[in-house]
Amino acid sequence: MISRDQNATALIWDALFPLIRLEGQGCSSFLHGQTSARVDGCAHGDLIKACWLNATGRVQALLEIRLDSAGADVLVLNGDSSSVAGGFDRVIFPADQVRLGEQRQQRRMQRLETGKAPDFTQVIWLSEAREPPTSWAELRACNATELECWRNKQGWPLGDQELTGDTNPFELGLSDWVELNKGCYLGQETMAKLASRGGVKQQLRCWQSTSEIQKVLKSGDQLKLNNSRAGIITSVSKDTATGSSFGLALVRRQALGAETLQAGDSDVEVSIARPSAFCDPPARG
């Protein structure tokens with residue numbers, strides 16, 4: 001049961017996402033080997049969050065997977081669904097006992113709370129005939145600006161400049177989307193090396209402008225520390241109440257300990273903080 005106090009600080013992200021249907025007895029094993037998640041052994045209906053990586057461990061798409069008695073539904077939360085479907089199709093063999101079904105649009109709702117990281121227990125998929133629960137229907141759906149502000153404050157890497165196809169899960173704070181102890185999977189060798197090395201070259205951070213004179217910052221602006229390159233701004237939002245700007249940035253490892261950095265051509269001072277949604281990379285064993 002959601003209380004009125006909780007409702008006051010919550011919004012609903014209500015949107016349609018592409019869904020890829022896989023059918024056959026081997027769907028669980030197939031997805032276990034093609035994604036970063038432990039899929040084998042999961043119960044039917046459980047929501048499984050997974051990265052689809054390339055062979056060098058770069059994130060190509062973020063997925064939600066649900067198994068059922070006839071196969072699996074794969075929702076593409078971020079990324080090109082045609083590329084995901086084509087990638088699956090290229091590696092399906094008859095022995096896999098998997099068939100690629102039709103793609104469709106899936107309505108998905110997620111409850112977003114102010115000041116809290118994404119909670120995947122607060123996600124529902126709705127069929128065309130199904131209405132949301134009463135406690136959800138009473139919440140207001142967020143608009144695109146509100147969603148962008150929310151994810152930038154929590155540190156959820158859903159922007160095109162975070163998921164460029166060249167970043168890995170550990171850099172983006174998605175370590176809990178990767179199961180390191182499940183055997184071979186696409187991108188596994190790189191992820192194992194990164195985990196054993198105990199560090200990545202950059203990590204996602206939240207930033208907020210602190211300068212008295214507000215300058216316009218934008219995605220792609222460089223960050224500096226003592227006149228040396230320290231990272232790049234990936235997402236920007238504006239606080240309408242204060243006029244200050246904030247967002248997400250990929251910060252180089254050598255600058256992660258800094259409290260402030262300089263951004264853009266005008267050297268706007270920005271504070272740097274670890275996002276609440278960030279899951280730290282594995283420590284060196």
Side-chain angles (χ1 to χ4, degrees), residues 6-17 59 61-62 77-79 108-120 122-123 139-167 169 171-174 177 202-225 229-252 255-256 258-279:
Q6 288 175 308
N7 277 344
T9 61
L11 294 171
I12 290 294
W13 179 15
D14 187 352
L16 294 175
F17 291 88
V59 181
L62 299 182
L77 189 62
N78 183 284
R108 175 190 184 275
M109 298 178 72
Q110 181 170 356
R111 188 166 174 267
L112 311 178
E113 288 191 49
T114 303
K116 289 189 177 181
D119 182 355
F120 284 86
Q122 297 293 315
V123 172
L139 299 177
R140 182 173 66 84
C142 65
N143 58 38
T145 299
E146 289 170 325
L147 175 62
E148 184 72 358
C149 286
W150 181 86
R151 79 168 192 88
N152 281 339
K153 287 179 179 179
Q154 314 315 320
W156 201 13
L158 285 180
D160 292 340
Q161 296 304 308
E162 288 102 37
L163 291 166
T164 61
D166 293 320
T167 48
E171 293 173 331
L172 298 174
L174 300 176
W177 291 54
Q202 59 186 356
Q203 291 185 22
L204 192 71
R205 289 293 184 264
C206 291
W207 64 267
Q208 183 163 359
S209 59
T210 59
S211 301
E212 292 183 5
I213 301 176
Q214 300 299 331
K215 302 291 185 180
V216 176
L217 296 175
K218 60 186 183 300
S219 175
D221 279 346
Q222 296 292 320
L223 295 173
K224 292 181 288 184
L225 176 64
R229 290 179 60 190
I232 188 170
I233 288 177
T234 59
S235 295
V236 180
S237 290
K238 188 171 184 178
D239 189 324
T240 55
T242 65
S244 64
S245 55
F246 62 93
L248 299 176
L250 285 167
V251 177
R252 291 187 169 194
L256 289 173
E259 294 183 358
T260 60
L261 298 173
Q262 291 72 51
D265 296 335
S266 301
D267 285 344
V268 177
E269 187 177 72
V270 298
S271 62
I272 301 296
R274 179 184 177 279
S276 61
F278 192 90
C279 184

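Predicted model, so just to flag it, every value in this text is computed and none were measured.
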Original post:
With distance as the sole test, does Thr164 use its side chain to make a donor-acceptor pair with the main-chain N or O of Asp166 at under 3.5 Å?
Top reply: yes
Subject >> Asn152 side chain vs Cys149 backbone, donor-acceptor pair below 3.5 Å >> reply: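 Flag not set: sc Asn152 to bb Cys149 has no pair under 3.5 Å.
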Original post:
When Phe246 is tested against each of Ser237, Cys206, Ser209, Ser235 for side chain to side chain contact (heavy atoms under 4.5 Å, CB included), which residue passes?
Top reply: Ser237
Heavy-atom check, side chain of [X] versus side chain of [Y], under 4.5 Å:
X: Asn78; Y: Val59; answer: no
X: Trp207; Y: Leu261; answer: no
X: Leu204; Y: Leu250; answer: yes
X: Gln202; Y: Thr167; answer: yes
X: Trp156; Y: Pro118; answer: yes

I need the [X] [atom1] to [Y] [atom2] distance, nearest 0.5 Å.
X: Ile233; Y: Leu217; atom1: CD1; atom2: CG; result: 4.5 Å
X: Lys238; Y: Glu148; atom1: NZ; atom2: CD; result: 15.5 Å
X: Trp13; Y: Leu158; atom1: CH2; atom2: CG; result: 5.0 Å
X: Met109; Y: Asp14; atom1: CE; atom2: CG; result: 4.5 Å
X: Leu225; Y: Arg252; atom1: CG; atom2: CZ; result: 11.5 Å
X: Leu248; Y: Phe278; atom1: CG; atom2: CZ; result: 11.0 Å

**OP:** Could you tell me whether the side chains of Thr234 and Glu162 share a donor-acceptor contact shorter than 3.5 Å?
**Re:**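 Thr234 vs Glu162: donor-acceptor pair found between side chains.
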**OP:** Check step by step if side chain to side chain contact (heavy atoms under 4.5 Å, CB included) holds for Arg205 and Arg274.
**Re:** CA-CA 5 Å; Arg205 289 293 184 264; Arg274 179 184 177 279; 4.2 Å; yes
Original post:
Are Arg111 and Asp119 close enough for a salt bridge, meaning some N to O gap below 4.0 Å?
Top reply: no
Nearest heavy atoms of [X] and [Y], plus distance in Å:
X: Leu112; Y: Cys142; value: CD1-SG, 4.2 Å
X: Ala10; Y: Glu113; value: CB-CG, 4.1 Å
X: Val236; Y: Ser219; value: CG2-N, 3.7 Å

Subject >> Over 12 non-hydrogen atoms of neighbours within 6.0 angstrom of CG in Asn143 >> reply: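 Count over threshold, so yes.
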Original post:
Can you list the steps and then say if Ile232 with Gln161 is a side chain to side chain contact (heavy atoms under 4.5 Å, CB included)?
Top reply: CA-CA 10 Å; Ile232 188 170; Gln161 296 304 308; 6.0 Å; no
**OP:** Among Arg151, Arg140, Lys153, find the one that has a salt bridge (charged side-chain N to carboxylate O under 4.0 Å, His left out) with Glu146.
**Re:** Arg140
Original post:
After noting the C-alpha distance and the side-chain angles of Trp177 and Leu62, does the key distance pass the side chain to side chain contact (heavy atoms under 4.5 Å, CB included) rule?
Top reply: CA-CA 9 Å; Trp177 291 54; Leu62 299 182; 3.9 Å; yes
